[in-house]
There are 2 protein chains.
Amino acid sequence: MLYTVGEMAKRLGVAPSTLRYYDKEGLLPFVERSSGGIRMFKDADFEWLQVIECLKKTGMSLTNIKHFIEMSMQGDDTIDERLTLIIKQKEAVKAQIDDLSKTLKTLEFKEWYYKTAKETGTTSVPRNMTLGELPEEYREVRKALRGE
Amino acid sequence: MLYTVGEMAKRLGVAPSTLRYYDKEGLLPFVERSSGGIRMFKDADFEWLQVIECLKKTGMSLTNIKHFIEMSMQGDDTIDERLTLIIKQKEAVKAQIDDLSKTLKTLEFKEWYYKTAKETGTTSVPRNMTLGELPEEYREVRKALRGE
DNA sequence: TCTTGACTTAAAGTTGACTTTAACTTGTAT
DNA sequence: ATACAAGTTAAAGTCAACTTTAAGTCAAGA
């Protein structure tokens with residue numbers, strides 16, 4: 001099965017211009033062309049594009065993704081480097097999840113804060129509560145917010 | 001306790017120019033000035049800046065953060081809107097965590113893939129395995145990557 | 001053959017969030 | 001009184017990752 005840039009873009013849910021841009025930047029060295037110069041994406045290319053998508057979601061730059069693709073094109077000599085890179089990105093994603101979990105805790109505190117404000121009619125009620133009056137789960141969050 | 005822009009920036013771990021930029025964009029209407037025009041940050045302002053940081057981490061744009069700050073300056077009439085916004089951001093962060101968890105699963109598959117390639121000396125071994133030969137936990141991930 | 005929609009490239013434009021620069025002012029320490 | 005680090009502004013510059021534009025080419029259907 002072969003796809004034009006528009007068809008592959010639709011399958012991936014991205015704009016055709018994005019795929020052309022990636023190609024121009026050297027991220028798609030595996031894509032072949034028709035005799036007339038039109039890009040012909042194979043099914044295997046879809047998998048490459050999914051890997052690119054995955055690495056993008058880890059926060060990796062296109063430049064570094066390009067390096068990974070280049071390594072992959074090199075063949076089996078680069079397996080070790082690729083493994084190392086994947087493990088590094090895995091750790092990076094774990095760190096991002098931890099970070100977002102902290103952000104989530106802060107938002108849960110703020111939700112409680114505004115729910116309490118709503119019930120009492122004013123933010124001064126939750127704002128002026130002592131630490132002891134706060135639900136225990138929000139104490140550390142408030143201390144951090146206030147720099148204590 | 002009062003802080004200059006440089007002192008507050010250091011406390012937050014950001015560049016002074018960032019705080020000046022936020023101020024210029026209207027995100028810091030609460031910051032007061034000395035008679036000579038120098039910004040004097042209060043301890044309460046540190047808390048505002050932490051809230052701005054938190055909202056930034058949720059992926060909210062500075063424009064929308066500005067709206068939230070403006071609502072907060074409005075006073076108790078906007079409690080309900082602020083609560084709604086916080087809940088929306090909470091859901092957004094949960095979705096981001098779910099997304100990253102999927103990305104993590106894909107990276108774990110890739111880690112297994114390259115470890116297997118390393119052991120056998122070639123990526124063709126993990127690549128050509130049938131679904132049944134794969135560890136069960138990676139089957140769905142590989143199907144998704146290949147678009148099956 | 002002709003039309004038409006989708007393809008091609010190079011180059012310029014966009015966006016958001018800063019950072020840097022230049023020219024000038026403030027405030028503290030000697 | 002003077003020096004000097006750190007403050008001020010407006011305006012321009014930077015960066016990554018696209019998107020848009022313009023001018024032209026390809027390929028499938030009537």
Side-chain angles (χ1 to χ4, degrees), chain A residues 1-42 45 48-69 89 92 96 99 103, chain B residues 1-42 45 48-69 89 92 96 99 103:
Chain A
M1 192 63 183
L2 292 172
Y3 308 83
T4 64
V5 71
E7 288 161 351
M8 185 52 96
K10 190 165 241 171
R11 191 169 168 199
L12 287 162
V14 304
S17 61
T18 304
L19 294 183
R20 294 197 186 100
Y21 171 68
Y22 287 179
D23 196 11
K24 196 179 60 167
E25 294 298 301
L27 274 83
L28 316 181
F30 43 80
V31 174
E32 295 177 21
R33 302 287 186 124
S34 76
S35 54
I38 290 189
R39 290 177 189 83
M40 306 301 287
F41 289 80
K42 304 173 292 297
D45 299 347
W48 279 115
L49 287 161
Q50 296 272 75
V51 170
I52 290 172
E53 266 307 291
C54 172
L55 291 177
K56 261 205 337 181
K57 284 182 183 169
T58 72
M60 192 182 272
S61 69
L62 293 189
T63 304
N64 285 334
I65 294 175
K66 182 184 170 178
H67 292 151
F68 178 79
I69 298 285
Q89 287 317 110
Q96 287 177 53
D99 231 63
T103 300
Chain B
M1 190 65 182
L2 291 173
Y3 308 83
T4 64
V5 71
E7 288 160 352
M8 185 53 95
K10 191 165 240 173
R11 192 170 168 197
L12 286 162
V14 304
S17 61
T18 304
L19 294 183
R20 293 199 187 99
Y21 170 68
Y22 287 179
D23 196 10
K24 195 181 61 169
E25 293 300 301
L27 273 83
L28 316 181
F30 42 81
V31 174
E32 295 177 21
R33 302 287 185 124
S34 75
S35 54
I38 291 187
R39 290 177 188 84
M40 306 300 288
F41 289 79
K42 302 173 294 297
D45 299 346
W48 278 115
L49 287 162
Q50 296 272 76
V51 170
I52 289 172
E53 265 308 292
C54 171
L55 291 176
K56 260 205 337 179
K57 284 182 183 169
T58 72
M60 191 183 273
S61 69
L62 294 189
T63 305
N64 285 335
I65 294 174
K66 182 184 170 178
H67 292 152
F68 178 80
I69 298 286
Q89 287 316 111
Q96 286 176 54
D99 231 60
T103 299

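So you know, we letter chains A, B, ... as the sequences are listed, proteins then strands, and number each from 1. Because only heavy atoms are used, hydrogens play no part in the values below, and waters and symmetry mates are left out as well, while side chains stay in. Keep in mind the model is a prediction, meaning the values are calculated, not measured.
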**Integer-rounded Å distance: C/dG16 P and B/Leu27 CG** = 14 Å

**Prompt:** Heavy atoms under 4.0 Å, any strand shown: does B/Arg20 hit a base, just sugar-phosphate, or nothing?
**Reply:** base

**Prompt:** How many Å lie between NZ on B/Lys10 and P on D/dA5, as a whole number?
**Reply:** 15 Å

**Nearest-Å distance for atom pair CG/C1', residues B/Asp23 and D/dG7** = 13 Å

**Asked** Which whole-number value in Å describes the distance from B/Leu12 CG to C/dC18 P?
**Response** 12 Å

**Prompt:** Do the side chains of A/Trp48 and A/Val31 get nearer than 4.5 Å, heavy atoms only?
**Reply:** no

**Between C/dC18 (C1') and B/Glu25 (CD): distance, integer Å** = 10 Å

**Asked** Got a sec, which pairs hit side-chain hydrogen bond (donor to acceptor under 3.5 Å, both in side chains) with one end in residues 25-37 of chain A, sequence neighbours left out?
**Response** A/Asp23-A/Arg33

**Message:** Within the 4.5 Å heavy-atom criterion, are A/Leu12 and A/Leu19 side-chain neighbours or not?
**Reply:** yes

**Asked** In whole angstroms, how far is the P atom of D/dA6 from the CZ atom of B/Arg33?
**Response** 19 Å

**Prompt:** With sequence neighbours left out, what residues match A/Glu53 under salt bridge (charged side-chain N to carboxylate O under 4.0 Å, His left out)?
**Reply:** A/Lys56

**Item:** Stepwise side chain to side chain contact (heavy atoms under 4.5 Å, CB included) check, B/Glu7 with B/Thr4
**Value:** CA-CA 5 Å; B/Glu7 288 160 352; B/Thr4 64; 3.5 Å; yes

**Request:** Calculate the interatomic distance between B/Phe41 atom CZ and D/dG7 atom P; express it in whole Å.
**Result:** 10 Å

**Item:** Separation of C/dT8 C1' from A/Leu19 CG (nearest whole Å)
**Value:** 14 Å

**Request:** Only counting residues at least two apart or in another chain, list the ones meeting side chain to side chain donor-acceptor pair (under 3.5 Å) with A/Thr58.
**Result:** A/Gln89

What N/O pairs connect the protein and nucleotides 26-30 of chain D at under 3.5 Å? Give each pair on its own line.
from   : atom 1 : to      : atom 2 : distance (Å)
D/dA27 : OP1    : A/Ser34 : OG     : 3.4

**Item:** Any A/Arg39 side-chain nitrogen or oxygen under 4.0 Å from OP1 or OP2 of C/dT8
**Value:** yes

**Complete:** Here the ring-ring contact (aromatic ring centres under 6.0 Å, His included) pairs for residues 3-29 of chain B, sequence neighbours left out, are none

**Prompt:** Is a side-chain donor or acceptor of A/Asp45 paired with a backbone partner of A/Lys42 at a separation under 3.5 angstrom?
**Reply:** yes

**Asked** What do the steps show when you test A/Leu28 against A/Ile69 for side chain to side chain contact (heavy atoms under 4.5 Å, CB included), and what is the final call?
**Response** CA-CA 8 Å; A/Leu28 316 181; A/Ile69 298 285; over 6 Å; no

**Request:** Could you encode protein contacts along nucleotides 14-24 of chain D as a string, one character per nucleotide from 5' to 3', using B for base contact, S for sugar-phosphate-only contact and - for no contact, with a heavy-atom cut-off of under 4.0 Å?
**Result:** ---BBBB----

